[in-house]
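Everything below concerns the one structure shown next.
None of these values were measured; they are calculated from a predicted model. We use all heavy atoms of the structure for the numbers below, so side chains are in, but hydrogens, waters and symmetry mates are not. Naming: A, B, ... by sequence-line order, numbering from 1 per chain.
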There are 2 protein chains.
Amino acid sequence: MVPNRPFRPTPTNAKGKLLEAAVQLVRGNGFAATSVDQLCAHAGVTKGAFFHHFASKEALGVAAADYWSECTGAFFAEAPFHHHADPVDRVLGYIDLRLALIGGPVESFSCVAGTMVQEAFRSSAAIRIACEASIIGNARALEADIAEAMVQRGVTGTTAESLSRHVQVVIQGAFVVAKTQEESAAPDMARDALRHLRRYFEFLFRVPQERSADQ
Amino acid sequence: MVPNRPFRPTPTNAKGKLLEAAVQLVRGNGFAATSVDQLCAHAGVTKGAFFHHFASKEALGVAAADYWSECTGAFFAEAPFHHHADPVDRVLGYIDLRLALIGGPVESFSCVAGTMVQEAFRSSAAIRIACEASIIGNARALEADIAEAMVQRGVTGTTAESLSRHVQVVIQGAFVVAKTQEESAAPDMARDALRHLRRYFEFLFRVPQERSADQ
DNA sequence: CCGACCATACCGACCGGTTGGTATGGCGCA
DNA sequence: TGCGCCATACCAACCGGTCGGTATGGTCGG
């Protein structure tokens, strides 16, 4: 989720640099395959600094997921799609923003939480829960807009909670499938999935055909 | 994808037992966190046997993805949903089968290829390509039915290739998000996502409301 | 204004255990 | 006799984590 840097300030202290290194290295190589030494080298700090700030590698994983939650939460909270008057436009605006964020190598737009939970859901409850907070938290940020849109358009047969989670499902799945592709083809494959998600919402909210093509 | 055992014969030779061990352990712990020693212990063979059959751990990963492709390919090829006369019913039947396969702990219904590609897409091109073959191959198996259904219902604005891949996107995403949940809640979360996928296809293929509720 | 005292941040050598991988030898079947 | 199949023994590299130590800066009583 979210491009690699722009919206995240470059950290100056060792702890921040380690969290930033974790986000970058874990997205590319996964959690287990990223060693503490690699993290330290990439952050430009020593192992002493690492274990001064984090009790264990697992604790770093939890902190990285929390850091990720904060960064993405703040980014989406400030995004301009919230200003649309129509809640349907806000929901579609969120999807369009996610679409716009996809580009470059997969590790620059994929999700740390999704990557980590795949590896650690069984071995570390703490990491699993931190990743849940990140992903489900992201879903919840969209839930009110979806609920409002459902009422306005009279959508029944599902809930805003379920739909908001489905958005995250498609995003996470898009990242997984994009990773099966070589670098140049990956972004298109991810975007393709989000366009199907958009169309699903257009069906649900009965968006007229000409309006649905404007992205 | 696909439950843990039933449709896979219990292997008798060392190679088969190692592949089976790989499927089970990688789904639970990921590829990097699964050691060769663990694999051997779980398969009941020694390290000598491992490196007799596989040149490296990476080669085992590739072989496991190929093994997975064969097993799932054969399973879905023989599934009864193919017998529906209406191509729309075949497509929805596939989704319903996938729904029915979800249950128990996540590592019993999730996908080895999706799990491995998340970790190895950057470090091992061979594994990435084997996982691509598995996931995209699974998509391709549904492509003809989707194409036929699109023609029959006059669906435009997308392609059968894109739609068949989207099915895999939702399935993979459902596994990721399910892994954020504790064991008892995971299957429901995964099923919820597939129900949205089903509804998307019902919209696309203009399935009447009463028929869409029969699952 | 001072120096004793202490907390925080960080350093890098080091440890025991585990890793993926190898070398070699035996054993049953053609 | 040879070859596929596998077991045992072993290795160097690397792993997460520890530990003794230093540099810095704030906060006291006097």
Side-chain angles (χ1 to χ4, degrees), chain A residues 9-26 28-65 67 112 115-116 119-120 122-128 130, chain B residues 10-26 28-65 67 112 115-116 119-128 130:
Chain A
T10 306
T12 52
N13 57 343
K15 187 172 183 175
K17 284 193 275 187
L18 281 166
L19 289 172
E20 194 54 47
V23 167
Q24 291 179 33
L25 293 180
V26 169
N29 308 319
F31 181 73
T34 301
S35 73
V36 174
D37 283 329
Q38 278 178 286
L39 257 356
C40 293
H42 194 266
V45 304
T46 62
K47 226 165 175 180
F50 184 102
F51 285 100
H52 173 72
H53 291 289
F54 306 103
S56 63
K57 190 190 174 189
E58 180 187 17
L60 181 270
V62 172
Y67 171 66
V112 199
T115 303
M116 273 203 292
E119 300 177 64
R122 195 90 312 172
S123 60
S124 167
I127 290 181
R128 199 213 81 216
Chain B
T10 306
T12 52
N13 58 343
K15 186 171 183 175
K17 284 193 274 187
L18 281 166
L19 289 172
E20 195 53 47
V23 167
Q24 291 178 32
L25 294 180
V26 169
N29 307 318
F31 181 73
T34 301
S35 71
V36 174
D37 283 331
Q38 277 178 288
L39 257 355
C40 293
H42 195 267
V45 303
T46 62
K47 234 168 169 178
F50 185 101
F51 285 100
H52 173 73
H53 291 287
F54 306 104
S56 64
K57 191 191 174 190
E58 180 187 15
L60 180 270
V62 172
Y67 172 66
V112 199
T115 303
M116 272 203 293
E119 301 178 64
F121 77 103
R122 196 89 311 173
S123 60
S124 165
I127 290 182
R128 200 212 82 218

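In summary, contact between chain A and DNA chain D, defined as any nucleotide atom under 4.0 Å from a heavy atom of the protein, begins and ends at D:dC15 to D:dT18 in the 5' to 3' direction.
Rounded to whole angstrom, the span from the CG atom of B:D37 across to the C1' atom of C:dG21 amounts to 11 Å. Taking atom NE2 on B:H52 and atom P on C:dC27, their separation rounds to 17 Å, with Å as the unit. For the pair B:F50 CZ and C:dG20 P, the interatomic distance rounds to 8 Å; values are reported in whole Å. In this structure, CG of B:L39 is placed 12 Å from P of C:dG21, rounded to the nearest angstrom.
Counting atom types as modelled, B:K47 pairs a side-chain N or O with a base atom of C:dG20 as donor and acceptor under 3.5 Å.
Residue-level contact check: B:T46 touches the bases, meaning some heavy atom is under 4.0 Å from a base atom.
Listed for the B:K15 side chain is no donor-acceptor partner under 3.5 Å among the backbone atoms of B:H52. Under the 3.5 Å distance criterion, the side-chain polar atoms of A:E119 are left unmatched by any main-chain donor or acceptor of A:G30.
For the pair A:E20/A:Y67, a side-chain contact is recorded, criterion being any heavy-atom separation below 4.5 Å from C-beta on. Side-chain contact between A:F51 and A:L60 is absent, with no heavy-atom pair separated by less than 4.5 Å.
Smallest separation of non-hydrogen atoms from A:L25 and A:H42: CD1-CB, 3.8 Å.
Evaluated for a side chain to side chain contact (heavy atoms under 4.5 Å, CB included) with A:L39, the options A:T34, A:V26, A:V45 yield exactly one hit, A:T34.
Both A:G48 and A:A32 sit near DNA chain D, but only A:A32 has its closest nucleotide nearer the 5' end.
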